[in-house]
Protein chains: 2
Amino acid sequence: MFTSSTPTTRRQREILQLLEHRQSTGEPPPSYREIGEHLGIPNVSAVAKHIAVLRRKGLLETTEGKTRSIQIQSPIQPLRRRIVHIPLFGSIPAGPPTEREQDAEGCVSVDVESVGIRPTSRTFALRITGDSMIGKHIIDGDVVVIEHGKEPRQGDVVAALIDGQSTLKTFLLQRGRPFLRAENPKYPDLIPGAELVIQGVMVALIRKRN
Amino acid sequence: MFTSSTPTTRRQREILQLLEHRQSTGEPPPSYREIGEHLGIPNVSAVAKHIAVLRRKGLLETTEGKTRSIQIQSPIQPLRRRIVHIPLFGSIPAGPPTEREQDAEGCVSVDVESVGIRPTSRTFALRITGDSMIGKHIIDGDVVVIEHGKEPRQGDVVAALIDGQSTLKTFLLQRGRPFLRAENPKYPDLIPGAELVIQGVMVALIRKRN
DNA sequence: GGATGAGGTGAACATAAGTTCACCTCTGAC
DNA sequence: GTCAGAGGTGAACTTATGTTCACCTCATCC
């Protein structure tokens with residue numbers, strides 16, 4: 001969305017909306033001729049005139065002579081950060097997440113500042129079911145972002161593989177031996193019989209109301 | 001990040017990394033000549049040969065004859081959704097958020113599926129301080145996404161303007177009269193003396209560990 | 001009625017950028 | 001030693017795309 005404080009004509013808003021939409025869906029910026037085709041203006045110089053006016057109004061920028069270089073301007077544009085695309089699963093079977101991208105049920109796209117991580121192919125997201133972590137304010141339906149390969153530390157929330165299923169628990173050590181704690185008194189601690197398989201450490205959470 | 005299952009040469013990985021980086025920062029895709037400049041290959045046909053091989057490996061796609069049409073392919077590419085850029089504030093003074101974009105302290109970029117909203121210029125994000133909403137699993141440091149102009153309903157979490165500050169509370173009605181409830185017994189309910197100013201309804205939350 | 005701005009037509013031109021082909025060196029495998 | 005692949009040079013060509021200019025209609029304002 002663009003600031004509504006600068007007055008614009010109907011055609012200008014149409015152009016800005018097209019650019020906004022193209023950008024938000026990750027497509028390359030359109031050429032002048034593509035803008036014309038979209039809006040029913042079969043004439044590249046009419047489009048060029050509109051672009052020039054929007055540039056003068058400070059609502060977009062172009063690089064002279066460079067193809068597909070139209071960029072919308074907004075006050076928050078300089079505050080934007082890199083965006084990562086994280087595969088979202090209901091559960092994670094064994095194996096590195098990279099080999100499981102094919103089985104993702106969705107994708108979480110978010111900027112690196114908001115999730116506090118650097119992008120790596122070992123990051124995945126997990127949708128939580130149940131209330132076993134409610135003591136740490138993680139509730140049913142939340143999506144948690146997990147960093148695979150990160151060494152868990154005492155107190156970290158981790159995704160662990162138990163009985164072929166991913167589960168979220170707090171990672172604790174007692175006399176050097178790890179165990180998992182549900183953050184809900186309804187559920188007992190889990191002391192692993194076999195070796196504990198930690199799939200990753202929780203780094204962020206995304207919740208939507210519904 | 002791209003699937004590591006398809007073997008690639010060093011140069012191919014360099015090209016893919018450049019494309020990945022350009023895409024994640026919201027820049028238009030590079031031309032072949034720009035790729036060459038970046039990697040120190042002053043020769044467009046060498047780049048074109050690499051692109052052709054990557055296309056054959058299914059790792060990227062181009063539209064024949066269309067400028068800047070290189071797009072990375074990945075299994076989660078079809079799962080991606082539109083991304084919105086939401087201004088982030090520490091607090092919101094009075095007035096529609098659009099007029100306040102200049103004062104944003106940051107920007108939350110996230111896909112529409114993850115926050116469950118359609119993009120509008122009335123969406124803003126607020127960083128929470130304090131523990132007044134801990135009963136609803138909203139904790140200090142969380143970032144909440146607020147939809148301005150949405151009519152609050154009984155039980156909604158809202159951003160309200162109190163004493164010139166934004167605060168997050170549960171919106172309740174008693175005999176038709178609204179009041180605000182902190183979700184922490186440490187804090188009393190707020191029955192507004194003057195008219196209650198609701199800045200918006202909470203629609204999503206983003207939390208990062210630190 | 002004239003001036004101005006919005007919105008457009010048409011055409012031509014310059015440059016950016018994709019495509020193609022012949023040719024080269026180096027390295028590793030057989 | 002040969003072959004194939006990786007990685008590249010050089011040049012030329014075609015097409016996409018941005019730029020520019022003259023010109024037009026229509027609506028609104030003074």
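Side chains are part of it too, since the values below use all heavy atoms of this structure and drop only hydrogens, waters and symmetry mates. For clarity, every value in this text was computed on a predicted model and none was experimentally measured.
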On DNA chain D, more 5' by nearest nucleotide between K49(B) and K49(A) is K49(B)
Rounded to the nearest angstrom, tell me the gap between atom CD in Q12(A) and atom P in dG5(C).
13 Å
Let me see the working for V203(A) and V115(A) under side-chain contact (heavy atoms from CB on, under 4.5 Å), right down to the final yes or no.
CA-CA 7 Å; V203(A) 292; V115(A) 292; 5.6 Å; no
Tell me, with the steps shown, if R82(A) and H21(B) meet side-chain contact (heavy atoms from CB on, under 4.5 Å).
CA-CA 8 Å; R82(A) 285 187 63 193; H21(B) 182 266; 3.9 Å; yes
All side-chain hydrogen bond (donor to acceptor under 3.5 Å, both in side chains) counterparts of R55(A), not counting sequence neighbours:
T62(A)
Audit row: V158(B), L180(B), side-chain contact (heavy atoms from CB on, under 4.5 Å) steps and yes/no
CA-CA 9 Å; V158(B) 300; L180(B) 299 178; 3.9 Å; yes
Heavy-atom contacts under 4.0 Å between residues 63-71 of chain A and DNA chain C, which residues?
G65(A), K66(A), T67(A)
Which residue lies toward the 5' end of DNA chain D, V44(B) or S45(A), if each is placed at its nearest nucleotide?
V44(B)
Whether K66(A) and E34(B) form a salt bridge (side-chain N of Lys/Arg under 4.0 Å from carboxylate O of Asp/Glu) is what I want to check.
yes
Within-4.5 Å side-chain heavy-atom neighbours: T123(B) and H148(B)
no
Tell me which residues in residues 29-41 of chain B lie within less than 4.0 Å of DNA chain D, going by non-hydrogen atoms.
I41(B)
Just distance, no hydrogens or angles: give the donor-acceptor pairs under 3.5 Å from side chains in residues 41-51 of chain B, sequence neighbours left out.
residue	atom	partner	partner atom	Å
N43(B)	OD1	S45(B)	N	3.3
N43(B)	OD1	S45(B)	OG	2.8
N43(B)	OD1	A46(B)	N	3.4

Between C1' on dA17(C) and CG on N43(B), what's the gap in Å once rounded to a whole number?
14 Å
Residues forming a salt bridge (Lys or Arg N to Asp or Glu O under 4.0 Å) with R10(A), sequence neighbours excluded:
E14(A)
Shoot me the first and last contacting nucleotide of DNA chain D against chain A, ordered 5' to 3', at under 4.0 angstrom to non-hydrogen atoms.
dT17(D) to dC21(D)
Is it the case that the side chains of T170(B) and K136(B) hold a donor-acceptor pair, with the cut-off being a distance below 3.5 Å and no angle test?
yes
D142(A) and its salt bridge (Lys or Arg N to Asp or Glu O under 4.0 Å) partner, picked from R207(A), R127(A), K208(A)
R207(A)
